[in-house]
Number of protein chains: 2
Amino acid sequence: MEKAFKKHSEASCKQARLAIQDTLDVVGGKWKLVLIWVLGNGKRKFNELSRDAGISPRILSKELQELEINGLVSRTVCNTRPVTVEYELTKYSNTLSEVILAMHKWGVTHRKKITGKA
Amino acid sequence: MEKAFKKHSEASCKQARLAIQDTLDVVGGKWKLVLIWVLGNGKRKFNELSRDAGISPRILSKELQELEINGLVSRTVCNTRPVTVEYELTKYSNTLSEVILAMHKWGVTHRKKITGKA
DNA sequence: CCATATACTTACCTGTTTGTAACTACTATC
DNA sequence: GATAGTAGTTACAAACAGGTAAGTATATGG
């Protein structure tokens, strides 16, 4: 039974595919939503992010650049020595809150269902 | 500013990573959410799904098997000749409605922002 | 026997993602 | 000069995702 979704027209299917895959283009992959979640704690430095998220520096650098390009994260070079850089969520990243919270919530509930644990 | 998220503890970061990546394990990739959306129109046969979603048979078969294993889609072999098979969303797939709707909605809005079109 | 239909499966392939390990540039401190 | 710190970068590699094209098993109809 498909109660949670409205019936879609054929054009709606094409448009839905486009919309969903657009979202995946921006925040798909193993780490991007995790990084956004972690930065929800507040601005972080590169190594802090690497540690808090548990991600390798090479991938972290790559993902942060993409998130910055898409306007979801901002990068600030601090006037310190050695140089430090701070990463912070942008206002625009708030538009992803429903996506992230839904993903997080579903993952938690699904794991409980799978393991039978609460 | 991180208004959309609550501040998280360190343990919360690990747990969030787990939850988000669990969700991605089940519905990540290019096609799974699209297939779930398309099946929101009602049960479909294999070739209908391939056409409606615009996906190749090899990948469709693979993704449907994974969705079936995770209890999101059911597969019914019909007593027809040649044999036909019907795929349908399960009740459990309704739990993904927030995820899919959020992804879809964000994709639509993001595309409007990017293209400046309404 | 051939053509057609359905639901895949198989073989091969390309491109991408993610990770490890080592390295780099620059500065400060001892 | 050696050491430490930071933020990456580079080279290499394995695994994975998704696609194309051809093929398969079974049945029906002409």
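Everything quoted here is computed from the prediction, not taken from an experiment. So you know, we letter chains A, B, ... as the sequences are listed, proteins then strands, and number each from 1.
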Should A:Leu89 and A:Leu72 be marked as a side chain to side chain contact (heavy atoms under 4.5 Å, CB included) after you check the CA-CA gap, both sets of side-chain angles, and the distance that decides it?
CA-CA 6 Å; A:Leu89 290 180; A:Leu72 298 168; 5.8 Å; no
Report yes if at least one side-chain N or O of A:Gln65 is closer than 4.0 Å to OP1 or OP2 of D:dT9; otherwise report no.
yes
Distance, nearest 0.5 Å, that separates CG of A:Leu101 from NE2 of A:His104:
8.5 Å
Choose from D:dG8, C:dT10, C:dT18 the nucleotide whose nearest atom is closest to any side-chain atom of A:Pro57.
D:dG8
In the structure I gave you, are the side-chain heavy atoms of B:Ile114 and B:His110 within less than 4.5 Å of one another anywhere?
yes
Can you measure A:Leu60 atom CG to D:dT6 atom C1' for me and round it to whole angstrom units?
13 Å
Interatomic spacing from CG in A:Leu64 to OG in A:Ser50 - rounded to 0.5 Å:
10.0 Å
Check the phosphate of D:dG19 against B:Trp31, side-chain N and O only, distance under 4.0 Å to OP1 or OP2. Yes or no?
yes
Remember a base hit wins even if backbone is also touched, and classify A:Glu63 as base, sugar-phosphate or nothing at under 4.0 Å, heavy atoms.
sugar-phosphate
Grab the CG-P distance between A:Asn79 and D:dT6 for me, whole Å please.
17 Å
Measure NZ/B:Lys62 against P/C:dC12 and give the value in whole Å, please.
19 Å
Would you mind telling me which of D:dA7, D:dT10, C:dA7 lies closest to the side-chain atoms of A:Phe46?
D:dA7
So if I take every side-chain heavy atom of B:Lys30 and compare against C:dC8, D:dA7, D:dG18, which nucleotide ends up nearest?
D:dG18
Check whether any side-chain nitrogen or oxygen of A:Tyr87 sits under 4.0 Å from OP1 or OP2 of D:dT6, and answer yes or no.
no
Between C:dT17 atom P and A:Leu33 atom CG, what is the distance in whole Å?
15 Å
Going through the checks in order, is the side chain to side chain contact (heavy atoms under 4.5 Å, CB included) test met by A:Leu35 and A:Leu60?
CA-CA 9 Å; A:Leu35 291 174; A:Leu60 178 57; 3.7 Å; yes
What I want to check is whether the side chains of A:Tyr87 and A:Arg75 have a donor and an acceptor closer together than 3.5 Å.
yes
Touch check for B:Glu86, heavy atoms < 4.0 angstrom, all strands: base, sugar-phosphate only, or nothing?
nothing
Short N-O contact, A:Glu86 and A:Arg44, less than 4.0 angstrom
no
Starting the side chain at C-beta, find the nucleotide from C:dC8, D:dG8, D:dG19 nearest to A:Arg75.
D:dG8
Contact class for B:Ser56 (heavy atom, under 4.0 Å): base, sugar-phosphate, or nothing?
base
Just how far, in rounded Å, is P of C:dT17 from CG of A:Asp25?
10 Å
Rounded to whole Å, how long is the line connecting atom CD1 of A:Ile59 with atom P of D:dA7?
18 Å
Applying a 4.0 Å non-hydrogen cut-off, can you work out what B:Glu48 is touching in the nucleic acid: base, sugar-phosphate, or nothing?
nothing
What nucleotide among D:dG18, D:dA7, D:dT10 has an atom nearest to a side-chain atom of A:Asn47?
D:dA7
Length of the CD1-C1' vector between B:Ile55 and C:dA7, whole Å:
14 Å
Spacing between A:Leu64 atom CG and C:dT18 atom P, to the nearest angstrom
13 Å
For the side chain of A:Val85, starting at C-beta, report the closest nucleotide among C:dT6, D:dG8, C:dT9.
D:dG8
Protein-to-nucleotide contact annotation, 5' to 3' order, nucleotides 24-30 of chain D [B base; S sugar-phosphate only; - none; under 4.0 Å, heavy atom]:
---S---
Taking the side chain from A:Ser61 and the backbone from A:Arg58, do they hold a donor-acceptor pair closer than 3.5 Å?
no
